[in-house]
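Presented below is the structure to which this report refers.
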Amino acid sequence: MLWSKAFIPTLKEVPAEAEMISHQLMLRAGLVRQLTAGVYEYLPLGWKVMLKVMKIVREEMDKAGAQEIYLPALCPAEIWQESGRWESFGDEMFRLKDRKKREYALCPTHEEVITDLARAQRFSYRDLPQNWYQMQVKFRDEPRPRAGVIRVRHFTMKDAYSMDRDQNGLDQSYLSMREAYKKIFARCGLKYFIVGASSGLMGGSGSQEFMVPSPSGEDTCAVCEACGYAANIQIASSKLQAPKYQDLPLLEVSTPEKRTVEEVSQFLKVPASQLMKSLLYMADGQPVFILVRGDDEANEDKLQKAIGNATFRPATPEEVLKHTGANVGFISPVGVKGVRIIADHLLKDATGLVSGACKDHFHYQGISVNRDLKIDEYADIRTIKDGEPCPECGKPLGLTQAIELGHIFKLGLKYSQALNANFTDEDGTQKPLVMGSYGIGIDRIAACVIEQSHDKDGIIWPAAVAPYQVLITLLGDPSSEAGRLALKIHDDLIQAGFDVLLDDRPERPGFKFKDADLTGIPVRINVGEKGLREGMVEIRQRKDGQVSKVRPEEIKLKLQELTAAQIWPGR
RNA sequence: CGGGGUGUGGCGCAGUUGGUAGCGCGCUUGCUUUGGGAGCAAGAAGCCCCCAGUUCGAGUCUGGGCACCCCGACCA
């Protein structure tokens with residue numbers, strides 16, 4: 001490819017809207033352009049990177065025995081209604097009507113479509129397992145797109161779905177996907193880690209996420225350096241012990257205008273951990289008290305699990321008043337009848353606590369959980385904090401921000417039961433397929449590679465996902481001796497199977513060098529009069545600036561030498 | 001959805017007490033230059049986000065909308 005003919009709109013200045021480095025560099029290097037909030041156009045260089053990533057994903061998925069398919073993005077509402085996600089996906093899902101007023105979704109994921117496809121097939125156990133994948137656009141109406149290509153409303157995902165005969169089969173399918181994912185991320189040159197995760201809207205029995213550490217990551221993960229425990233904060237637990245307080249008789253005290261934990265603990269001169277935070281939630285229309293220690297935060301992902309399948313939300317101030325007789329800031333389950341109570345494990349057997357008196361401007365002191373309350377169940381519903389003891393080994397946990405690149409789920413029977421996707425087992429009975437679902441954000445891989453591999457001058461592509469492997473920078477006129485040589489090298493290298501870009505633009509050397517560094521192509525060959533006087537060209541590596549001078553006929557050899565040290569796209 | 005910010009040539013920005021728009025980069029042409037974003041000269045390019053209002057006159061003031069960005073809420 002000749003740069004003079006290419007559409008690579010590099011930018012000298014940083015566009016105002018870009019905050020994250022990967023976002024800035026993707027714009028400046030001419031990889032992408034934004035069309036509207038959360039919707040990006042991939043320009044030639046950016047799309048080449050996407051194709052490289054997809055090639056790696058495809059190779060590893062195929063090696064793992066998965067089969068590539070291609071499903072529609074447009075999908076009738078009915079199958080989403082069957083699974084129940086027409087409701088539960090909520091505003092996150094783009095919806096539209098056709099001319100006959102029939103309802104459709106633009107798919108945010110494809111479990112329903114896959115399950116529908118699988119049920120029509122009426123599999124025998126002999127056909128299982130199956131694993132189908134696709135790389136395709138997904139739509140999500142994100143409330144707030146951000147961070148360039150990281151959180152968007154229109155993105156490319158690799159999603160795979162396994163169908164097995166039983167749990168054991170699912171475990172194996174899941175493991176093989178996990179291994180494939182490790183290879184994919186390693187080949188992309190990414191440093192990543194795996195955490196236990198919440199299944200959220202997807203449902204199912206277990207899931208893990210592939211994470212890339214980044215200060216701008218949207219997920220928080222707890223990681224134990226000592227034993228390797230790693231979990232998304234959504235599910236992370238710890239061995240933290242609650243402090244004990246003296247058991248005292250129940251006492252109502254006046255706490256005028258003291259509503260928050262901070263206000264009450266200061267006013268009564270007790271530590272926040274001695275308070276009991278009483279939160280009222282509504283689960284399927286019924287009130288539920290959620291109790292955690294005053295210095296803890298309730299964790300909604302854990303709450304969802306504790307509450308069960310119900311849809312739940314914090315109660316409104318009006319509902320709080322209705323069910324407790326007091327306003328927010330002065331409530332607790334003490335003395336309230338007929339409301340389900342879920343308490344955090346750390347409150348078990350606790351005594352001497354402070355919480356609301358269900359009377360405005362009053363709190364109780366000396367609450368004893370066993371004496372004054374009837375707790376319906378104890379569960380882990382608190383969010384852990386940095387430095388708490390690891391649940392496995394007791395060493396301190398560290399919290400890290402991270403970007404989610406991949407998520408693998410054991411779905412189990414959720415979709416096959418809902419949509420009646422059965423197979424005939426050996427004994428002739430109909431059984432639901434045991435399913436798994438496995439996603440990778442392709443756009444995010446590209447962004448995360450840049451996030452992890454750049455310097456002040458621009459991107460430093462790992463060879464495996466670089467848009468071009470070699471950039472020839474011509475210093476001089478195309479009609480000069482150097483120009484003819486540069487073109488010959490370009491043609492020869494393409495012949496030899498390299499992906500080559502020749503910068504033949506009539507620009508000054510400095511200008512071209514800056515663009516070369518910005519776009520981050522791993523190897524640059526400088527061809528100019530200066531070198532040619534000694535009969536040499538320069539080969540320079542983007543990652544460390546290392547330069548070697550070689551004769552033109554030695555270029556291929558030198559590139560192969562560099563090749564051996566890196567992973568080049570296979571051919 | 002709450003809070004904050006910004007909308008002015010392709011990009012980054014300035015625009016005073018209201019008087020009809022400017023700078024840098026980029027782009028075009030010419031000359032000179034040519035190993036880390038060159039110099040000079042001449043050009044082209046703007047419904048000043050939209051709609052109403054105030055005013056003799058609005059990029060600027062008032063009201064209402066919209067878009068985009070950031071923080072939070074939310075989020076396979």
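So you know, we letter chains A, B, ... as the sequences are listed, proteins then strands, and number each from 1.
Between B:C40 and B:G57, the two C1' atoms lie 41 Å apart (nearest whole Å). One P atom belongs to B:G36, the other to B:C69, and the distance between them is 38 Å to the nearest Å. B:U60 and B:A21 are spaced 14 Å apart, taking the P atom of each and rounding to whole Å. B:G7 and B:U16: their P atoms are spaced 12 Å apart (whole Å). Nucleotides B:U29 and B:G63, compared at atom P, are 49 Å apart to the nearest Å.
The side chain of A:Phe513 approaches B:G35 more closely than any other nucleotide in the set B:G35, B:C70, B:C74. With distances taken from any side-chain atom of A:Pro143 to the nucleotides B:G36, B:C74, B:G12, the minimum falls on B:C74. Nearest nucleotide to the side chain of A:Gln34, out of B:C74, B:C75, B:C68: B:C68. Among the nucleotides B:C69, B:C75, B:C11, the one closest to any side-chain atom of A:Glu92 is B:C75.
To the nearest angstrom, C1' of B:G35 lies 12 Å from CG of A:Leu474. Protein atom CZ of A:Arg146 is 9 Å distant from nucleotide atom C1' of B:C74, rounded to whole Å. Straight-line distance from the CD atom of A:Gln234 to the C1' atom of B:C75: 9 Å, rounded to whole Å. Counting to the nearest Å, the C1' atom of B:C11 and the CZ atom of A:Arg28 are 12 Å from each other. Across the protein-nucleic acid pair, A:Arg151 atom CZ and B:C70 atom C1' stand 16 Å apart, rounded to whole Å. Per the geometry, CZ belonging to A:Phe511 stands 15 Å off C1' belonging to B:U33, to the nearest Å. Separating the CG atom of A:Leu27 from the C1' atom of B:G12 is a distance of 13 Å, rounded to the nearest angstrom. The distance between atom NZ of A:Lys514 and atom P of B:A38, rounded to the nearest whole Å, is 10 Å.
Toward the 5′ end of RNA chain B lies the nearest nucleotide of A:Val14, the other residue of the pair A:Glu404 and A:Val14 mapping further downstream. Between A:Pro15 and A:Glu529, the residue whose closest nucleotide on RNA chain B is further toward the 5' end is A:Pro15.
Side-chain atoms of A:Lys158 and A:Ile442, non-hydrogen and from C-beta on, do get closer than 4.5 Å to each other. Using a 4.5 Å heavy-atom cutoff, the side chains of A:Asp171 and A:Lys410 are in contact.
Across all strands shown, A:Glu300 has heavy atoms under 4.0 Å from sugar-phosphate atoms exclusively, and none from any base. Nucleic acid contact for A:Arg524: base, since at least one base atom lies under 4.0 Å from a heavy atom of the residue. Using a 4.0 Å heavy-atom distance criterion, A:Asp515 is classed as a base contact. No engagement by A:Gly476 is indicated, since no non-hydrogen atom pair under 4.0 Å with the nucleic acid exists.
Ring orientation note: the planes of A:Tyr192 and A:Phe185 are tilted relative to one another, at an angle of 30° to 60°. Aromatic ring pairs are classed by plane angle as parallel below 30°, tilted from 30° to 60° and perpendicular above 60°; the pair A:Phe409 and A:His407 is parallel. Aromatic ring pairs are classed by plane angle as parallel below 30°, tilted from 30° to 60° and perpendicular above 60°; the pair A:Tyr174 and A:Tyr438 is tilted.
Side chains of A:Tyr161 and A:Asp159: a donor on one and an acceptor on the other come within 3.5 Å.
For the OP1/OP2 pair of B:C74 and a distance below 4.0 Å, the side-chain nitrogens and oxygens of A:Arg144 include no atom meeting the criterion. Residue A:Thr36 has a polar side-chain atom (N or O) positioned under 4.0 Å from OP1 or OP2 of B:C68.
The partner of B:C31 is B:G39, judged by Watson-Crick or G-U wobble contacts that both fall below 3.5 Å.
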